[in-house]
Amino acid sequence: MIKPNASIVVLTGAGMSAESGVPTFRGVDGLWEGHRIEDVASPEGFARDPELVHRFYNLRRAALNTVEPNAGHVALARLEREWRGRFLLVTQNVDDLHERAGSEKLIHMHGELRKARCECCDAVFAWTKDLDSGTRCRACGEIGGMRPHIVWFGEFPFEMETIMGALKRADLFLCIGTSGVVYPAAGFAQIAAERPGCHLIEMNLESTAISRQFDEHIIGPVAVELPKLVEQLLAA
Ligand code: BJW
């Protein structure tokens, strides 16, 4: 059904990394120490209590040392390597499990935990240690401007032009492990669906806020279902 040289866009969300041990946002554990994610992950939350926000991201950055890519990450890296048509992987996740599995054509639209940015000079650094309000910028020397390189609510996601271009010429849009409640990512299916003939597949443990926009639903865990789907696509 999918042409061997079709253009594929994949969107992943927190469910992609759940089986690696990275918690999702909106499940039963969807709150963090009594705070809504919308309060912790926002410029207003950071201005109100920078140490709380630094602690939230420091813990998550440190936890990356304890997790590994799962079979779903590995399958997507294989699809990228072996697919003959265009391929783009867009992730909302801020972990680095896709690149550790071997993905290269990858956009982190909501930023990366292992990067930090200076709000004074905009310099972006690879970052594996903790951040706090006393961290000095290695580029401009200012103290107090360093923050996680993360897209918070109300901020503009990264590389939107490239993503929109890829969605508009997609023949297959695969949406994996996202609840479909955070925009603009939640609107990607609608954009892909506007292209005549584009086939839309959603993979999740359950139906979501955007399920009705998809042609096909694969209900099940990504570490089981994605290797099977990739095998089918590559065999076609
Ligand atoms: C499995 C599984 C397994 C589990 N196998 N599946 C009112 C209406 C519409 C929009 C707005 C509005 N008010 C404000 C807005 C805009 C706002 C927004 O969308 N708010 C909503 C909450 C309403 N959006 C923004 O502010 C964004 N910026 C923006 O819009 O700029 C303007 C703009 C306009 C137009 C174009 C471009 C720009 C910025 C959003 C930033 C989001 N940031 C966060 C936190 C930062 C990153 C971090 O700390 O990690 O990103 S929020 C959080 O949610 C995180 C995630 O990337 C994001 C999405 O969550 P995700 O991935 O879907 O996780 P969950 O937990 O919700 O779902 C997991 C799913 O996996 C579930 O469905 C499970 O079933 C499934 N699952 N295990 C398969 N093994």
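In this chain, numbering begins with 1 at the start of the sequence shown. Order of appearance sets the numbers: ligands from 1, and atoms from 1 within every ligand.
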| message | Checking Ser179 against Thr208: is there a side-chain donor and acceptor pair closer than 3.5 Å? | response | no
| query | So do Cys137 and Cys120 actually touch side chain to side chain, heavy atoms under 4.5 Å? | reply | no
| task | Could you please provide the protein residues found below 4.0 Å of ligand 1 on a heavy-atom basis, arranged by chain and number? | result | Gly13, Ala14, Gly15, Ala18, Glu19, Thr24, Phe25, Arg26, Glu38, Ala41, Tyr57, Arg60, Gln92, Val94, His110, Ile150, Val151, Trp152, Phe153, Gly154, Glu155, Phe156, Pro157, Gly177, Thr178, Ser179, Val181, Val182, Tyr183, Pro184, Asn204, Leu205, Glu206, Gly220, Pro221, Val222
| query | Is the His110 to Phe158 ring centre distance short of 6.0 Å? | reply | no
| Minimum heavy-atom distance between Val9 and Ala166, given as atom pair plus value | CG2-O, 3.6 Å
| field | Result of checking Asp215, Leu172, Val10 against Ile201 for side chain to side chain contact (heavy atoms under 4.5 Å, CB included) | value | Leu172
| query | Where does the angle between the aromatic ring planes of His98 and His73 fall among parallel (under 30°), tilted (30 to 60°) and perpendicular (over 60°)? | reply | perpendicular
